[in-house]
Amino acid sequence: MAGSSSHQIKNICVFGGSSLGKEIEFLESANHLGQVLAERKIHLVYGGGSLGLMGGVSIAAFLGGSQVLGVVPKVLAKEDLLGKTIGEELQVSTMSERLNTMFKHADAFIALPGGLGTLEEIFHISSWAQLHIHHKPIGLLNVNGFYDKLLSFLDQAVEQEFLTSSARRIIISAATAEQLIDQLQSFIPIIDPSMSRIHWSPEKSRKKLRLDLSLHL
């Protein structure tokens, strides 16, 4: 069953590498994403600092006039491992609190090319969508086909019945910032019938949920 498209995106959380990567197109795409966010009057939430692709997108968005919020664990800020945060910096105690805080401040999510941290963040957010904790749109900025093999892996997971087709459609992708943001804004969540009985409201969360062991998690 499809939900309704009601995404008024004011804030986008961007995940991405704290390194520049091998190809110049990665940094160019990060810079361009920041510019597009500013042009569309969308504000940026990110993991703080000024290094790598995260530095590129945050500086470009800030210079373009977007509000920028960097969420940084105190230990990383103390050791100055990420560089100076662009815009407003919010320090938190743990990595889990960091992701939760970015989630709460964002209407949608974009992953630039990156490594383990980027993958952990985007899949964490995607698994929450699969469990109906949220219906915020999620996208990969597939620069120079960086995520082609990852997308093929997800398709294989569907083929091998480890992932439902509705869960596969949680993650969208596009080659340019403009295309991806357009898709995020028009995204209509697909409700997986096997997950429809899960409710995360405070009142119902006290009740024990008996989950079918056949759920594809």
Leu69 vs His105, side-chain contact (heavy atoms from CB on, under 4.5 Å): CA-CA, chis, key distance, verdict: CA-CA 9 Å; Leu69 174 64; His105 282 84; 3.7 Å; yes
How many angstroms lie between [atom1] in [X] and [atom2] in [Y], if you round to the nearest 0.5 Å?
X      : Y      : atom1 : atom2 : result
Leu90  : Arg98  : CG    : CZ    : 11.0 Å
Leu163 : Ser126 : CG    : OG    : 10.0 Å
Cys13  : Ile125 : SG    : CD1   : 7.0 Å
Ile110 : Ile122 : CD1   : CD1   : 9.0 Å
Asp155 : Leu151 : CG    : CG    : 7.0 Å

For residues 14-23, which side-chain N or O atoms pair as donor and acceptor with protein atoms under 3.5 Å away, sequence neighbours left out?
unit_1, atom_1, unit_2, atom_2, d
Glu23, OE1, Asn144, ND2, 2.7

Taking [X] for the side chain and [Y] for the main chain, is one N or O donor matched with an acceptor at less than 3.5 Å?
X      : Y      : result
Asn11  : Leu44  : no
Glu97  : Ser93  : yes
Tyr147 : Ala174 : no
Thr85  : Gly70  : no

Is the cationic atom of Lys136 (NZ for Lys, CZ for Arg) positioned less than 6.0 Å from the six-membered ring centroid of Phe187 and within 45 degrees of its normal? no
Gln183 CD: over 12 foreign heavy atoms closer than 6.0 Å: yes
Has Leu116 got more than 12 heavy atoms of other residues, nucleotides or ligands less than 6.0 Å from its CG? no
So, His134 versus Phe103, ring centres under 6.0 angstrom or not? yes
Of Val143, Leu180, Ile181, the residue whose pairing with Leu33 passes side-chain contact (heavy atoms from CB on, under 4.5 Å): Ile181
Salt bridge (Lys or Arg N to Asp or Glu O under 4.0 Å) involving Arg169 - partner list, sequence neighbours excluded: none
Are Leu37 and Ile12 side-chain neighbours, meaning at least one heavy-atom pair lies under 4.5 Å? yes
Less than 4.5 Å apart, side chain to side chain, heavy atoms only: is that true for Asn142 and Asp148? yes
Heavy-atom closest contact ([X] atom, [Y] atom, distance):
X      : Y      : answer
Arg168 : Val158 : CB-CG2, 3.6 Å
Ala177 : Val36  : CB-CG2, 4.1 Å
Gly47  : Met102 : N-SD, 3.8 Å
Ile9   : Ala108 : CD1-CB, 3.8 Å
Ile138 : Ala129 : CD1-CB, 4.2 Å
Gly139 : Leu184 : N-CD2, 3.8 Å

Are Ser127 and Gln130 linked by a side-chain donor-acceptor pair shorter than 3.5 Å? no
Are side-chain N/O atoms of Gln91 and Glu89 paired as donor and acceptor at under 3.5 Å? yes
According to the salt bridge (charged side-chain N to carboxylate O under 4.0 Å, His left out) rule, which pairs have a member within residues 178-188, sequence neighbours left out? Arg40-Asp182
Can you list the steps and then say if Val45 with Phe109 is a side-chain contact (heavy atoms from CB on, under 4.5 Å)? CA-CA 9 Å; Val45 181; Phe109 304 89; over 6 Å; no
Audit row: Leu140, Ile172, side-chain contact (heavy atoms from CB on, under 4.5 Å) steps and yes/no: CA-CA 6 Å; Leu140 304 178; Ile172 61 179; over 6 Å; no
Partners passing side-chain hydrogen bond (donor to acceptor under 3.5 Å, both in side chains) against Ser166 (at least two apart in sequence or in another chain): Thr164, Asp192
Donor-acceptor contacts, no H, no angles, side chain residues 56-66, under 3.5 Å, sequence neighbours left out:
unit_1, atom_1, unit_2, atom_2, d
Ser58, OG, Met54, O, 2.8
Ser58, OG, Gly55, O, 3.1
Ser66, OG, Ala38, N, 3.4
Ser66, OG, Ile42, O, 2.8

According to a hydrophobic-cluster definition based on side-chain heavy atoms being under 4.5 Å apart (Ile, Leu, Val, Met, Phe, Trp, Tyr only), do Leu53 and Leu51 belong together? no
Could you walk me through whether Val92 and Asn100 pass side-chain contact (heavy atoms from CB on, under 4.5 Å), step by step? CA-CA 10 Å; Val92 295; Asn100 285 328; over 6 Å; no
Qualifying ring-ring contact (aromatic ring centres under 6.0 Å, His included) pairs, either residue in residues 18-42, two or more places apart: Phe26-Phe146
Please state whether the rings of Trp128 and His124 are parallel, tilted or perpendicular, taking 30° and 60° as the class boundaries. perpendicular
